[in-house]
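Let me begin by presenting the structure, written as structure tokens, before commenting on it.
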Amino acid sequence: MFTTRLMKEVIFPEDFIFGAGGAGHQIEGNNIHSQFHEWETTRDCFPVRAGKACNCWEMYQEDIELFKRLGWQIYRMSIEWSRIEPEQGVYDFSALKRYLDMLERLNNAGIKVSLTCHHWSHPLWFEKLGGFGKRENIKYFLRHLDFLVPKIKDYVFQWNVLNEITNHGTNPKSFDLMKNLTVAHALGYHTIQKYSNAPVSTTHALVHWQPYRSYDEFDRIAAKTLDWATNGYFIHAIETGELVLPYTEAEFVPELKGALDYWAINYYTRHMASGRTENLTTHRFEFDRVSMVNGDSYHEEFYPDAFVQHLPRFKNKPVWICENGVSADDDRFRILYLARHFAALKEAMELGVDLRGYIHWSAMDNYEWGNYFPRFGLIEVDRETFERRPKPSSSFYKEIIEAHGITDAIRKKWLEPLCDWQTYNFPIKKGS
Ligand code: BGC
């Protein structure tokens, strides 16, 4: 079992930046012109609708005040394309005005903005045209960027064109979508650059693929294949402009080569690879599972080691952690998770990774694409009243921000009391 008793101080450079994030559809509420709003009524995989989500569309002013009080220096957010252009070619200027007010208030509060232009949700009309499934539809997204970016550019510290383009499955159909999204990233990158000097990226969903049986050649091949389809593919695409994925023709996209100013890494935990299953994945080691939420969730394990094992692959540009967090009902898990992941990040920096900042996922307990039970937030949100209640982990995080890391005093105060806490092998409670 892991113990924080032996943990050393973890101090980041003075100019290292800390914050937290969210995404439009997951927090704003009533995002009724998006394809997700439609899917939530028609698809079984969305048993619960987003509804009013965290009601941030109405409460953003007090939210920003709270973020400031919690000491955050950067906030990652997305702008909902479906609010700006609810019908094709029809613009909602009042929605734009509200976003501009949000951005201005964040800037005035001294909070930098990490802006994601597309965090999975988009207008229903775009989806009906085939969405990013059709390469020729990218032009609508670029038109949206041409409309939006010049209006908001002065408020944005860093851009993410898209969110996690390799997180769409590992089958030939998803590979076609991934390729289109990669092209959309490249063209989006150049569109944003026409107006803004701020660095541009697209968040990358880093996954550590663990061969279920390390001695087994087939599991190792499965892990390598999945590592390529999720991690290697994107790194190679940016380095060379080449799109190389199994079962599809390779392509060269000249606009893609070098089209990224920093690596925006989202990381949660490792996944298991097996050479003996149809999709090459398998369940986690039972003995190492942590039951942190009352229901099924893929976050059943801490695996901070992946930062040390993989971040050196992203050495050639500045690196930002744009998502990292844990869905846990018991906030003590979040405190431990933060401590362990910061320790791993520090070790990755010692290996030469140019890490500039950390954006925790998530700011508040929000809509988790079909459900509300996975709670990632530093802030709890009452589902009836929408009252915000910062969790103890947000105070722990604030102290870390103020001290630029985990000092011995912080460790003693927050981590010592958790030393003998049994974190592993909780009974798995499912359902209710
Ligand atoms: C997504 C978030 C999501 C988080 C936790 C990430 O892949 O970008 O929107 O809430 O995972 O599942």
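What you are looking at is a predicted structure, and each value in this text was computed from that prediction instead of being measured. When a ligand or atom number is given, it counts from 1 through the structure's own listing order.
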**Study point:** Contact residues of ligand 1, where a non-hydrogen atom lies under 4.0 Å away
**Key:** Gln26, His119, Trp120, Asn163, Glu164, Asn167, Tyr268, Tyr298, His299, Glu323, Trp361, Glu368, Trp369, Phe376
Practice item. Assert yes or no for the condition that the ring centre distance of Tyr303 to Tyr268 is strictly below 6.0 Å. Key: no
Practice item. Could you pull out all residues at least two apart from Asp101 that satisfy side-chain contact (heavy atoms from CB on, under 4.5 Å)? Key: Tyr60, Gln61, Arg105
Under 3.5 Å, which donor-acceptor pairs link side chains of residues 119-127 to any protein atom two or more places apart or in another chain?
{"unit_1": "His119", "atom_1": "NE2", "unit_2": "Asn163", "atom_2": "ND2", "d": "3.1"}
{"unit_1": "Trp120", "atom_1": "NE1", "unit_2": "Asn163", "atom_2": "O", "d": "3.1"}
{"unit_1": "Ser121", "atom_1": "OG", "unit_2": "Glu80", "atom_2": "OE1", "d": "2.9"}
{"unit_1": "Ser121", "atom_1": "OG", "unit_2": "Glu80", "atom_2": "OE2", "d": "2.8"}
{"unit_1": "His122", "atom_1": "ND1", "unit_2": "His118", "atom_2": "NE2", "d": "3.0"}
{"unit_1": "His122", "atom_1": "NE2", "unit_2": "Gln35", "atom_2": "NE2", "d": "3.4"}
{"unit_1": "His122", "atom_1": "NE2", "unit_2": "Glu127", "atom_2": "OE1", "d": "2.6"}
{"unit_1": "Trp125", "atom_1": "NE1", "unit_2": "Glu85", "atom_2": "O", "d": "2.8"}

Practice item. Kindly write out the residues that satisfy side-chain contact (heavy atoms from CB on, under 4.5 Å) with Thr225, not counting sequence neighbours, or none if the list is empty. Key: Ile221, Leu280
Practice item. Establish, yes or no, whether a centroid distance under 6.0 Å links the rings of Tyr140 and His144. Key: no
Point to revise | Stepwise side chain to side chain donor-acceptor pair (under 3.5 Å) test for His25 and Asn31 | key: CA-CA 6 Å; His25 188 72; Asn31 187 27; 2.9 Å; yes
